[in-house]
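Report on the structure given below.
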Amino acid sequence: MFDKKRELILSEANQLRWEIGENFHDSLMETIYKDAADISSKAVTIKGEKAKFSFEHALDRLVTSRWAGFPIMFLMLAVVFWITIIGANIPSSMIASLLIDNFHPALKGFAASISMPVWLDGLLIDGAYLAMAWVISVMLPPMAIFFPMFTLLEDFGYLPRVAFNMDNLYRKAGAHGKQALTMAMGFGCNAAGVIATRVIDSPRERLIAIITNNFSLCNGRWPTQILIATIFIGGAVPVYLAGIASAAAVVVVAVLGIVLSLIVSWSLSRSVLKGEASAFSLELPPYRPPRILKTLYTSLIDRTIFVLWRAIVFAIPAGLVIWLVGNIHIGELSIAEHFVEWSNPFGILIGLNGVILLAYIIAIPANEIIIPTILMLTVLTSNITGGAGAGVMFELESTQATANILYSGGWTALTGVCLMLFSLIHNPCSTTIYTIYKETRSIKWTVVSTLLPVIMGITICFFVAQVWRLLA
Amino acid sequence: MIDTNQCETCPVHNTGNLTKLGINMQNFDFVIALAGNPNTGKSTVFNALTGLKQHTGNWPGKTVMRAEGAFLFDGKKYKVVDLPGTYSLLSTSTDEEVARDFILFGQPDVTVVVVDATRLERNLNLVLQVLEITDRAVVCLNLIDEAKRHEIIIDDRALARELGVPVVPTAARQSTGIPELLKNIDDVAKGVFICKPHRISSGSKELKRGVEKIQAQIEKEFPGIPNSRWVALRLLEGDQKIIDAVRSGELGTLTKRNLNEELAAIA
């Protein structure tokens, strides 16, 4: 592709570059700025600027202030969770009673009337359908409440303020200040958060942001946190405090995630990813009145339905797998029982149990289905009577019924706490892992991002369990 | 306010000619690029044009990848590309490169620069850089409602005169001004309106001489190139990507057909 004429142009440009001098870029920028200032002075008139800007400035001073910034942030999160927890229980039990108490027997009846083979009936109706029904009834109500509120905050312009508050901390941890933005994106979806790290220019800082994004609780994990907090934290305090205590517990876990991402960023930037934090400017956008209806629409379509659909898509094969491992027997016991029995000692050691470990293996494709999987496996392995057989979801009418299953599966408050911790600190879901690979193009960093959180989660749960048992 | 609303609902008005096509992008007649500083509402304008529901957020840096959509206006099919927000086209972060490469190599028929009316001076820096690269642009003076609320008055005609391209005040969140925007895009695309874009003054004498020298040679080597002056500036500054594009001849041969693959590789 060598072309004489073109090379001539290039060499001439090289030559001229020396003649023009070094400050070429600066002088060009200066001209641009000067032209822009000239033009805008001809076109713009500003009246009464001071009085009008003061409200936004006052609000900004408050939410980004040194002493009030963080408390306001925690309080806002807590209120959002509290409303979600209080609001989700009733619609949840209504949907459960419709899909599980009414629809499921009807389907079974229909299957019987066309004399469907028992194994097919079990696989499709007791496995796939029930897993799907469970996902919908457990997850839809909290998502339909939580996501619109979160989107309203985003539309209003609050999230960049969170990033502004966090920026200093991330810089001190040796990471890029914009990591605070990608972390906030991760609260929606880690895969989206990983893609969002493209705003970070330095590869070193970008890798740190990618590896630690998983510590932002994602859409798929909020419902788990909220449900388990409602049962084990809300259940441990007097009724009138239950909502507040559970909301506070979820905030604590979310904040712990942020703290962990800071700690891991700090260790990485002091060890394998050494370097200085680079400077950047973050523009605080103006506050804008949120458009309520549009927000409701986008949060329903983009987030609620999207996450729910993903959960259903993954729940159906997971339901099949659960039914299979529950019904294929090797010797006396089913595959599931073999695994649970084998892994139980280790599970108990780290404050969890064999069922949870198996559930986390089955639910690698999507975090969304962890709770339904745990419940189905618990029913399966703890000989709770009344269900329709092995690998079949129990008929659950409310959070209380979920709680009863878990308690009869031998769960304690420690199991609940450790599950909340492990749900925060474990491997990213399959989509996120794939996204990390696509973004880094490195098997090594993909493996690090995947295994580091699992190892940390096991370690942290182990210590919590030991201390808890010492004190209890 | 009331008057414009009545205009927009009147069937004779421009919006009567608009069909939002969402992501149906086959056989388009024109390509439009949406550029602008971060958080000026590019994605909101994009949604208003295409009827798509790209997630918008009050959030600088929300769009890191290009989004694409289409609409039909006055019998012509337009493909719209929503570029990541950038403050300038002269630095080298990934998101800025995506925007710059598209405006330069993608040679969109019209580049719509979305600017924040409340921060016009700062936004003009990017407008001026875009006008160096392309001579077919429309400035969308967005967030005009916020500017009004802050008692900032902008003489959009004076601005249009200075910039040499159409300037359309809009409030995309409320869909105000979108019909006028469409009309102006259409005029520029069809060559009804000929832009005479403002060009950055050259600064020192040596620079001016150098630019003219290189510019003349580039025009000779790549006849019909719309942005010879900008390429000359970049060559003088030693922009590796542009040097490569000149060396390989890519600068002249890039046509719209092989463009999509090129861009897929960039994004």
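Convention: sequence-line order gives letters A, B, ...; per-chain numbering from 1.
Here the OH-CG distance, from A/Y33 to B/L124, works out to 11.5 Å after rounding to the nearest 0.5 Å. Separation of atoms CG (B/L83) and CZ (B/F102) is listed at 6.0 Å; rounding is to 0.5 Å. Here the CG-CG distance, from B/L163 to B/D156, works out to 11.0 Å after rounding to the nearest 0.5 Å. Interatomic distance, OG1 of A/T64 versus CG of A/N165, reported as 6.0 Å (0.5 Å rounding).
If you measure heavy-atom distances from B/E132 to chain A, you find no contacts under 4.5 Å at all. Interface residue B/E221: only side-chain heavy atoms are found under 4.5 Å from chain A. Both the backbone and the side chain of B/I154 come within less than 4.5 Å of a heavy atom of chain A. Heavy atoms of B/K213 lying under 4.5 Å from chain A belong exclusively to its side chain. Contact of B/R173 with chain A is made through backbone and side chain together, with heavy-atom distances under 4.5 Å. For B/L143, the part sitting under 4.5 Å from any heavy atom of chain A is the side chain, from C-beta outward, and nothing else. Within the 4.5 angstrom heavy-atom criterion, only side-chain atoms of A/L10, from C-beta onward, approach chain B. Using a 4.5 Å cut-off between heavy atoms, B/I218 touches chain A through backbone and side chain atoms alike.
In this structure, a donor-acceptor pair under 3.5 Å is absent between the side chains of A/T197 and A/E439.
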Practice problem: Under the salt bridge (Lys or Arg N to Asp or Glu O under 4.0 Å) rule, what do A/D38 and A/K34 come out as? Steps first, then yes or no, please. | Solution: CA-CA 6 Å; A/D38 281 352; A/K34 195 180 148 291; 3.5 Å; yes

Practice problem: Starting from the C-alpha separation in whole Å, work towards a yes-or-no answer on side-chain contact (heavy atoms from CB on, under 4.5 Å) for A/Y158 and A/M73. | Solution: CA-CA 9 Å; A/Y158 183 64; A/M73 191 172 99; 3.5 Å; yes

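Counting heavy-atom pairs under 4.5 Å between each of B/D155, B/I153, B/L120 and chain A puts B/I153 at the top. Listed options A/N14, A/I32, A/L8 were ranked by heavy-atom pairs under 4.5 angstrom with chain B; first place goes to A/I32.
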